[in-house]
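To keep things clear, I will list the structure first and then write my remarks on it.
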Amino acid sequence: QVQLVESGGGLVQAGGSLRLSCAASGRTFSTFVMGWFRQAPGKEREFVAAIRWYGGSTVYADSVKGRFTISRDNAEKTVYLQMNSLKPEDTAVYYCAADNSWTQVTRDEEYDYWGQGTQVTVSS
């Protein structure tokens, strides 16, 4: 099993920044890619960004390209999501997820492990 714990959410004004963290523990050697997803009230969960543990390849949703940056610290087994120029439409619960293959990383059903989520609220 792999345990994921997110932190760093909060309330921020539009144009501001937040950094989310996702700490992984357990059988992390079985994971290959880490992803961030988000779900706003009344909407489906959507892909935000993903990164490979080794090599560091990244993928971003078009809606966050140029504003969000995903990174990882292999030694600390932690993945980060730096969010800049935040907009009210970024308001959502953000989830960290882990998968064991770099295929279809934008699809939430491909991920095997999920964190509990952290709320991000951007005020206008």
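The first residue in the sequence is number 1, and the count goes up from there. Owing to the predicted nature of the structure, the values given are computational and were not obtained by experimental measurement. No hydrogens, no waters, no symmetry mates; every other heavy atom, side chains included, goes into these values.
Atom OG of Ser21 is separated from atom CZ of Arg72 by 15.0 Å, given to the nearest 0.5 angstrom. Remark: Ser124 OG to Lys87 NZ distance equals 14.0 Å, nearest 0.5 Å. Separating the CG atom in Leu81 from the OG1 atom in Thr118 is a distance of 11.0 Å, to the nearest 0.5 Å. Taken from CG in Asp112 to CD in Gln1, the straight-line distance is 9.5 Å, to the nearest 0.5 Å.
Side-chain contact between Phe68 and Asp90 is present, with at least one heavy-atom pair separated by less than 4.5 Å. Counting only heavy atoms from C-beta outward, the side chains of Glu46 and Arg38 approach each other to under 4.5 Å. Tyr95 has its side chain out of reach of Leu4: every pair of non-hydrogen atoms, C-beta onward, lies at least 4.5 Å apart. Within the 4.5 Å cutoff, the side chain of Asp99 has no heavy atoms near those of the Val105 side chain. Here the side chains of Met83 and Leu20 are in contact, with some heavy-atom distance below 4.5 Å. At least one side-chain heavy atom of Met34 sits less than 4.5 Å from a side-chain heavy atom of Cys96. Inter-residue side-chain proximity for Tyr94 and Glu6 is flagged as unmet; no heavy-atom pair is nearer than 4.5 Å. Between Val79 and Trp53, some side-chain heavy-atom pair lies under the 4.5 Å cut-off.
Here the closest heavy-atom approach between residue Trp36 and residue Cys22 is recorded as CZ2-CB, 3.7 Å. In this structure, Val122 and Thr91 approach most closely via the heavy-atom pair N-OG1, 2.9 Å. Residue Val33 comes nearest to Ala50 through the heavy atom pair CG2-CB, 4.1 Å, listed as atom of the first residue, atom of the second, then distance. The minimum heavy-atom distance between Ser57 and Trp102, with the atom names listed, is O-CH2, 3.5 Å. Residues Asn84 and Ser17 share a closest heavy-atom pair of OD1-OG, 2.9 Å. Counting all heavy atoms, side chain and backbone alike, Gln39 lies closest to Arg45 at NE2-N, 3.8 Å.
With hydrophobic clusters built from ILVMFWY side chains whose heavy atoms lie under 4.5 angstrom apart, Val48 does not share a cluster with Tyr80.
Taking the charged nitrogens against the carboxylate oxygens, Lys65 and Asp62 do have a contact shorter than 4.0 Å, which makes a salt bridge.
Between Phe37 and Phe47, the ring planes lie perpendicular to each other; the angle is over 60°, past the 30° to 60° tilted range.
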Side chain to side chain contact (heavy atoms under 4.5 Å, CB included) between Lys77 and Ser25, intermediate numbers included: CA-CA 7 Å; Lys77 297 180 182 178; Ser25 61; over 6 Å; no
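Distance alone, capped at 3.5 Å, is enough to place a donor-acceptor pair between the Thr78 side chain and the Glu76 backbone. Using modelled atom types, one side-chain atom of Arg67 and one backbone atom of Ser63 make a donor-acceptor pair closer than 3.5 Å.
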